[in-house]
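Ligands are counted one by one from 1 in listed order, and the atoms in each one are counted from 1 as well.
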Amino acid sequence: MKPAILVTGGTGYIGSHTVVELQKAGYPVVIIDNLSNSNREVLDGIERITGIRPEFVEADCTDLTAVKILFDTYPDIKGIINFAASKAVGESMQKPLLYYRNNLNTLMNLLDMMGKHDVKGIVFSSSCTVYGEPDVNPVTEESPIKKATSPYGNTKQISEEIITDVINAGAPFKSVLLRYFNPVGAHPSAEIGELPNGVPQNLVPFLTQAAMGIRKELSVFGNDYNTPDGSCIRDYIDVVDLAKAHVIAVERMLEDKSDEKVEIFNLGTGNGMSVLGLINAFERATGVKVPHKIAPRRAGDIEKVWANPERANNVLGWVASTPIEETLRNAWTWQCKLRERGVM
Ligand code: NAD
Ligand code: WQD
């Protein structure tokens, strides 16, 4: 029997896909989530895919007593994947304390309890946001960390430092810091996917809602950037590919495969794609038109960033292999499923 893995934020977008991959790899999973940005029905979706219902604790990770009770209840937990965080960049500018409190207290409570409960390691959801506007693309893990442009981004930088400091101070566990580029798509079964709250701020959920007619049209934020077609460039990574990297990362710590106590990996495809390129790819993949217009630049946007994923490819043996068309088809199928269910 494999040891149990605690997935914080496990009913969220990336968390739910990761729970599925952990279960497929034979790990019992315990989820803690306060449902602040997800809902219980996600557990049904996970169960429909794998046939296994994960253990679920509805609680807030910033509540130390709740986290203590959880570790006492599930002494088999040997690894943690920490997704629980608030993640809306714009909201973090309006409510910085909410972001610092939620994201940092969650992490500190987990680190505190790990040492006391013989947990071997923690995988942390970091972000390419730490690279800001890079001087050179693609970015490697050694590319300079730029001053964060939002409290959200700052919580990711500070979290990486907190984990490193705690481990350097002798904490008896390891960590893998995963810097995600732009996660998109949904599980091919369309049982789980992204559930944006209100008007989506991110490109793909807005695009699929525009294609569905829920939004009048997609605004392409800027076509006067220094890129081949003038729109911004990102590295869009399939959420299931991303989820699989977490299983490898957690296994690496549990099986003590590395001499390093803290490891950092970029998780991206290595391919930069423009906003207009992505719209084209979606239309090609689905045959569905995306009503769109060119709009002014969005304040604070990065012009171009994409990953050099070679370290993850070589060291973890992990590759983001899903073609973007397939990912976008899955995003569309998920959008259609939401409509069918009357969610939106
Ligand atoms: P999400 O909002 O879908 O999932 C986060 C989950 O955490 C939600 O289910 C929410 O209810 C829960 N949660 C939040 N605060 C909590 C708390 N205090 N206690 C318990 N549960 C709590 O977000 P996601 O897109 O799945 O992102 C997961 C992680 O990956 C986050 O840490 C995010 O910052 C990071 N990340 C996301 C992206 C992205 O584009 N989606 C990119 C880079 C990094
Ligand atoms: C992608 C591209 C937009 C919406 C954000 C966070 C980052 C990370 C991922 C977690 C950009 C363009 C978007 C729209 C558009 N999260 N766009 N019209 O900005 O790369 O990153 O999410 O760590 O921290 O900042 O992602 O999906 O918002 O935008 O033209 O309606 O799509 O300008 O070029 P972004 P995004």
Atom 11 (O) of ligand 1: which protein heavy atom is closest, and how many Å away? Asp33 OD1, 2.7 Å

If the cut-off is 4.0 Å to any non-hydrogen atom of Ser38, which atoms of ligand 1 fall inside it? 8 (C), 9 (O), 11 (O)

Just to be sure I'm reading this right: ignoring hydrogens, which of Glu194, Arg179, Arg101, Lys87 gets closest to atom 25 (O) of ligand 1? Compare them by their nearest heavy atoms. Lys87

Please give me the minimum heavy-atom distance between Arg40 and Leu35, naming the atom from each residue. N-CD2, 4.1 Å

In the protein, which heavy atom is nearest to atom 37 (C) of ligand 1, and how far is it? Ile14 CD1, 3.8 Å

Using ring centroids (six-membered ring only for Trp), state whether Tyr180 and His246 fall under 6.0 Å. yes

Ligand 1 versus Ser126: contacting region, heavy-atom distance under 4.0 Å: backbone

Looking at Glu263, Glu141, Glu160, which hits salt bridge (Lys or Arg N to Asp or Glu O under 4.0 Å) with Arg179? Glu160

Select the closest option to atom 18 (N) of ligand 1 among Thr62, Asn37, Asn102, judged by heavy-atom distance. Asn102

Only heavy atoms count here, so choose which of Pro183, Ser16, Ser159 is nearest to atom 42 (C) of ligand 1. Pro183

Calculate, to the nearest 0.5 Å, the distance between atoms CG and CG belonging to Asp235 and Leu267 respectively. 10.0 Å

Under 4.0 Å between heavy atoms, the region of Leu35 that gets near ligand 1 turns out to be backbone

Stepwise ring-ring contact (aromatic ring centres under 6.0 Å, His included) check, Phe282 with Trp332: CA-CA 9 Å; Phe282 178 88; Trp332 178 239; 5.8 Å; yes

Would you mind listing which atoms of ligand 1 come within a distance below 4.0 Å of any non-hydrogen atom of Ser36? 10 (C), 11 (O), 13 (N), 14 (C), 15 (N)

Atoms of ligand 1 under 4.0 Å from any heavy atom of Ala59, numbered from 1 in the order shown, are 19 (N), 20 (C)

Report, in ascending order of atom number, the atoms of ligand 1 lying under 4.0 Å from any heavy atom of Tyr152. 33 (C), 34 (O), 35 (C), 36 (N), 44 (C)

At what distance is the nearest protein heavy atom to atom 35 (C) of ligand 1, and which residue and atom is it? Ser125 CB, 3.7 Å

Shortest protein contact, atom 20 (C) of ligand 1 (heavy atom only): Asn34 N, 3.2 Å

Would you mind listing which atoms of ligand 1 come within a distance below 4.0 Å of any non-hydrogen atom of Cys61? 17 (C), 18 (N), 19 (N), 20 (C)

Is there any N or O on Ala84 that sits under 3.5 Å from an N or O of ligand 1? no

Residues around ligand 2, heavy atom under 4.0 Å from any ligand atom, sorted by chain and number. Can you pull those? Val89, Ser127, Thr129, Tyr152, Asn182, Gln201, Asn202, Leu203, Leu218, Ser219, Val220, Phe221, Cys232, Arg234, Tyr236, Val275, Arg298, Asp301

Contact check: Asp60 vs ligand 1, nitrogen or oxygen atoms, below 3.5 angstrom: yes

List the residues meeting salt bridge (Lys or Arg N to Asp or Glu O under 4.0 Å) with Lys174, not counting sequence neighbours, and say none if there are none. Asp256

Subset of ligand 1 atoms that lie under 4.0 Å from at least one heavy atom of Thr106: 18 (N)

For the residue pair Asp229 and Ser274, confirm or rule out a side-chain donor-acceptor distance under 3.5 Å. yes

With salt bridge (charged side-chain N to carboxylate O under 4.0 Å, His left out) as the criterion, how do Glu340 and Lys337 come out once you've worked through the C-alpha distance, each side chain's angles and the decisive distance to 0.1 Å? CA-CA 5 Å; Glu340 209 179 285; Lys337 188 78 168 268; 5.6 Å; no

